[in-house]
Protein chains: 2
Amino acid sequence: MSAQRKETVAITTPHVPVDEDIGEIRDIVGFHIRLAHGAVYRHFTETFAELDLTQKQVAALWLVADHPGIAQIGVAQRMRMDRATTMAIVNRLEAKGYLARSKSHSDGRKQELNLTRAGRRTLATAKRAIRQHEQWLKSRFTEKEVAKLVELLTRIHQ
Amino acid sequence: MSAQRKETVAITTPHVPVDEDIGEIRDIVGFHIRLAHGAVYRHFTETFAELDLTQKQVAALWLVADHPGIAQIGVAQRMRMDRATTMAIVNRLEAKGYLARSKSHSDGRKQELNLTRAGRRTLATAKRAIRQHEQWLKSRFTEKEVAKLVELLTRIHQ
DNA sequence: GGTCATTGTAAGTTATACTAACAATTACAT
DNA sequence: ATGTAATTGTTAGTATAACTTACAATGACC
């Protein structure tokens with residue numbers, strides 16, 4: 001559907017230049033980060049359409065898999081989200097049956113998060129989709145450029 | 001308030017390491033883009049708290065200023081948004097009194113967008129805030145690195 | 001023991017992004 | 001030139017995400 005739409009645009013509106021003038025905004029780094037994020041987000045959504053998972057949901061699932069028994073606050077800190085936003089995401093993953101909460105016995109305030117069997121199965125599928133998605137993203141760079149990009153981006157998010 | 005909160009965190013939870021282990025996800029480029037975008041978005045929101053404008057709203061305002069009489073579809077294409085999303089943003093900017101719609105006489109389907117006097121005044125203020133925000137973002141890079149980052153990001157969003 | 005911090009939770013707000021449908025207008029093919 | 005298709009704006013509805021505020025339960029610490 002996306003390829004079809006793109007083709008339609010190319011056929012019916014050849015007079016619209018690909019590199020439209022965006023004016024002074026071209027020199028704003030933050031604008032490029034937002035455009036790049038948007039492009040990645042859109043491709044991710046297409047890749048995960050059948051799986052019905054968002055970036056955040058996959059990231060949270062993956063984090064819990066890598067840190068069994070992690071508390072919600074732990075997920076929040078690693079993903080740079082606040083508690084309320086984390087709640088919403090964990091709620092959705094719980095509703096889908098991919099992870100389960102259980103009271104921590106070391107700290108009564110916390111809930112331990114763990115994947116269910118379905119969660120592990122889905123994450124395995126998701127990781128294959130991520131590999132595809134990453135391939136699409138990395139295909140335009142050399143290995144060295146990928147490393148450089150990650151290094152630069154890391155300096156932004158600490 | 002942000003500095004205060006950061007300080008509080010540093011004082012009350014020194015046992016939480018800054019570089020928490022995020023596991024395998026560390027190697028996913030898309031994850032770094034999302035984290036970087038989130039960090040930039042958060043700083044932008046703080047910088048523009050008094051102005052009560054979002055990234056998208058400023059970008060749209062700026063685009064209209066650089067392209068007087070541009071149609072909504074033109075804004076959408078340049079910002080990689082669909083028509084409905086553009087509508088919402090233009091509606092908000094119109095409600096704030098920063099831009100005005102007027103029927104195009106060359107194409108009856110289109111609306112010409114132009115800044116109001118208040119819109120021009122606000123954009124001027126916004127540009128000063130953007131300069132601050134960009135300074136914060138660029139401060140961690142050399143000029144060469146900024147150019148490289150923009151070049152790499154541009155390859156992602158075309 | 002009392003005070004303060006942490007954690008999870010609920011409720012409500014805002015912004016964004018998408019789809020689907022519709023009306024008005026324009027473009028185009030035969 | 002007429003009928004069909006495409007474009008543009010618009011509305012309505014849905015979903016996600018991020019935020020605030022408030023509250024309860026629990027833990028940390030003097």
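The chains referred to below are lettered A, B, ... by the order of the sequence lines, with proteins before strands, and numbering in each begins at 1. In what follows, every heavy atom counts, from backbone to side chain, and hydrogens, waters and symmetry copies are set aside.
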Next item on the list: Name all residues meeting the ring-ring contact (aromatic ring centres under 6.0 Å, His included) criterion together with A:Phe48; count only those two or more places apart in sequence or in a different chain, and write none if there are none.
Entry: A:Phe44
Item checked: side-chain N/O B:Thr54 vs C:dT16 OP1/OP2, d < 4.0 Å -> yes
Notebook entry, point to check: Can you check whether B:Gln72 has a side-chain N or O nearer than 4.0 Å to OP1 or OP2 of D:dT10?
Noted result: yes
Margin query: Need one value for A:Asp107: base, sugar-phosphate or nothing, where a base atom within 4.0 Å counts as base even if backbone is also close, heavy atoms only.
Written below: sugar-phosphate
Note to self: Closer than 4.0 angstrom, basic N to acidic O: yes or no for A:Glu94 and A:Arg101?
What the structure shows: yes
Check: Nearest-Å distance, CG (B:Leu53) to C1' (C:dT14)?
Finding: 14 Å
Margin query: Looking at the base of D:dG9, is there any donor atom on it, or on the side chain of B:Arg109, that sits under 3.5 Å from an acceptor on the other one?
Written below: no
Notebook entry, point to check: Does the side chain of A:Val64 reach to within under 4.5 Å of the side chain of A:Val75, using non-hydrogen atoms?
Noted result: yes
Notebook entry, point to check: Taking atom types as modelled and ignoring hydrogens, do the side chains of A:Asp82 and A:Thr85 form a donor-acceptor contact shorter than 3.5 angstrom?
Noted result: yes
Notebook entry, point to check: Do B:Arg34 and A:Gln55 meet the criterion of a side-chain donor-acceptor pair at a distance under 3.5 Å?
Noted result: yes
Notebook entry, point to check: How many Å lie between CD on A:Glu112 and P on C:dT7, as a whole number?
Noted result: 14 Å
Check: Reckon A:Lys110 has a side-chain N or O less than 4.0 Å from the OP1 or OP2 of D:dG27?
Finding: no
Next item on the list: Grab the two heavy atoms, one from A:Ala65 and one from A:Leu123, that are nearest each other, plus how far apart they are.
Entry: CB-CD2, 3.3 Å
Note to self: Rounded to whole Å, please give me the gap between CZ in A:Arg42 and C1' in C:dT19.
What the structure shows: 16 Å
Margin query: If the cut-off is 4.0 Å, is A:Thr45 near the phosphate of C:dC18, judged by side-chain N/O to OP1 or OP2?
Written below: no
Note to self: Can you tell me if B:Gln111 touches the phosphate of D:dT10, counting only side-chain N or O atoms and a distance under 4.0 Å to OP1 or OP2?
What the structure shows: yes
Notebook entry, point to check: Atom CD1 of B:Ile73 and atom P of C:dT25: how far apart are they, to the nearest Å?
Noted result: 18 Å
Next item on the list: Could you work out which one of C:dA15, C:dG8, D:dG9 sits closest to the side chain of B:Gln57?
Entry: C:dA15
Next item on the list: Round to a whole Å and report the spacing from CG of B:Leu113 to P of D:dT8.
Entry: 13 Å
Notebook entry, point to check: Within this structure, what is the CZ-to-P distance between B:Arg80 and C:dA17, rounded to whole angstrom?
Noted result: 13 Å
Note to self: Distance check needed: D:dT8 P versus B:Gln77 CD, whole Å only.
What the structure shows: 7 Å
Check: Where along residues 84-106 of chain B does a heavy atom come under 4.0 Å from DNA chain C, residue by residue in number order?
Finding: B:Ala84, B:Thr85, B:Ile89, B:Arg92
Notebook entry, point to check: What is the distance, rounded to the nearest whole Å, between atom CG of A:Asp82 and atom C1' of C:dT13?
Noted result: 14 Å
Item checked: Salt bridge flag under 4.0 Å for residues B:Glu145 and A:Arg155 -> yes
